[in-house]
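Naming convention: chains lettered A, B, ... in sequence-line order (proteins, then strands); numbering from 1 in each chain.
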2 protein chains.
Amino acid sequence: MSVQLEPVEALDLWRRTIVEGVRRESPDLTTRQMALLLMVYLTPGPHTVRGLAAHLKVSKPAITRALDKLGQLDLVRRKVDPQDRRSVLVQRTVHGSVFLREYGDMITAAAASAEVAPRAA
Amino acid sequence: MSVQLEPVEALDLWRRTIVEGVRRESPDLTTRQMALLLMVYLTPGPHTVRGLAAHLKVSKPAITRALDKLGQLDLVRRKVDPQDRRSVLVQRTVHGSVFLREYGDMITAAAASAEVAPRAA
DNA sequence: AGCATCCGTTTCACTTGCGAAACGGATAAT
DNA sequence: ATTATCCGTTTCGCAAGTGAAACGGATGCT
């Protein structure tokens, strides 16, 4: 279960995770691309381009390009909707699941290290 | 105090926060810029360009440009080191403190909403 | 059938970020 | 007093993201 995370602690957790991500220079994803990825994996589908664009309040081309990038990294896949062939359904991949799983572990690791070594300002 | 945050919960918290940030399109900061900002505010100083570059494993010009952006948003300020005038010390600003404070609140808000409404996948 | 509407993508011109290398100014070493 | 070294910044050429608008293809309407 979650906790009543205080703002300062939350920020510190944020820092540890983001800094670690920058260091690894792992798939160097944009904030938008990451948001899109998380939407697809942690939110009930089906996910269409327009739906994602509306929810994130960005233009459709932005979603298209983000999908290009994520698809090329095999983190996500496109599938034409059989019901309405104008629509595109965004689907998950094994590689994407693994990636996010590891990312989640990275966050919890950051949280764990924060417990033993309290922040310094 | 912190919690043993489980990976899935951590990811969901991450999603809520990032998505909210994208929606607001608030100061639209790069991941690197955000990492830099958090470093300056949550880590004991003094902070120099080379130090930050080394810690984040990025090139010095990248730090310089990030400081340009953050400075222009008044989230951070430069000051020549009086001891060694080759160095530049990165300092905090009132506006930056407020910004991060609000960001922390946004994270905790996301965590709170997660408690009442468990994720759906 | 014909026309209007809704999709996602592509084009366009623009902005922004990137690393490597070169640069000027400040300090250290001889 | 030179010379060498270290600092942050500025070029340079390049890669990638942005929204608006136009586009082709699929569906809905009459």
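Take the nearest nucleotide of DNA chain C for Pro61(A) and for Asp84(A): the residue whose nucleotide is more 5' is Asp84(A).
Counting to the nearest Å, the C1' atom of dA15(D) and the CD atom of Glu25(A) are 14 Å from each other. Met34(A) places its CE atom 18 Å from the C1' atom of dG17(D), with the value rounded to the nearest Å. With rounding to whole Å, Leu36(B) atom CG is found 12 Å from dG17(C) atom P. Atom CG in Leu52(A) sits about 11 Å away from atom P in dT9(C), given to the nearest Å. Rounded to an integer number of Å, the gap from Lys60(B) NZ to dA21(C) C1' is 11 Å. Atom CG in Leu67(B) sits about 14 Å away from atom C1' in dG17(C), given to the nearest Å.
The backbone N or O of Gly51(A) lies less than 3.5 Å from a partner atom in the side chain of Thr48(A), making a donor-acceptor pair.
Under 4.0 Å is where a charged nitrogen must lie from a carboxylate oxygen, and between Glu20(A) and Arg24(A) at least one such pair does.
Looking at the side chain of Arg86(B), the nearest of the listed nucleotides dG8(C), dG25(C), dT27(D) is dG25(C). The side chain of Ala62(A) has dG19(D) as its nearest neighbour among dT27(C), dG17(D), dG19(D). Residue Arg78(A) has its side chain nearest to dT9(C) when only dC7(C), dC18(C), dT9(C) are considered. Comparing dG17(D), dG8(D), dA26(D) by their closest approach to the side chain of Arg85(A) singles out dA26(D). Picking from dG19(D), dG8(D), dG8(C) the nucleotide with the shortest atom distance to the side chain of Arg65(A) gives dG19(D). The side chain of Gln33(A) lies closest to dG17(D), out of dG17(D), dG19(D), dT9(D).
The distance from atom NE2 of His47(B) to atom CD1 of Ile63(B), rounded to the nearest 0.5 Å, is 11.5 Å.
Residue Thr64(A) has no polar side-chain atom (N or O) positioned under 4.0 Å from OP1 or OP2 of dG8(C). For dG19(C), the OP1/OP2 oxygens have a side-chain nitrogen or oxygen of Arg32(B) closer than 4.0 Å. Residue Lys69(B) has a polar side-chain atom (N or O) positioned under 4.0 Å from OP1 or OP2 of dG17(C). Close to dC7(D), at under 4.0 Å from its OP1 or OP2, lies no side-chain N or O of Ser87(B).
Side-chain atoms of Leu100(B) and Leu38(B), non-hydrogen and from C-beta on, do get closer than 4.5 Å to each other.
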Test side chain to side chain contact (heavy atoms under 4.5 Å, CB included) on Val88(A) and Thr64(A) and set out the steps.
CA-CA 10 Å; Val88(A) 163; Thr64(A) 294; over 6 Å; no
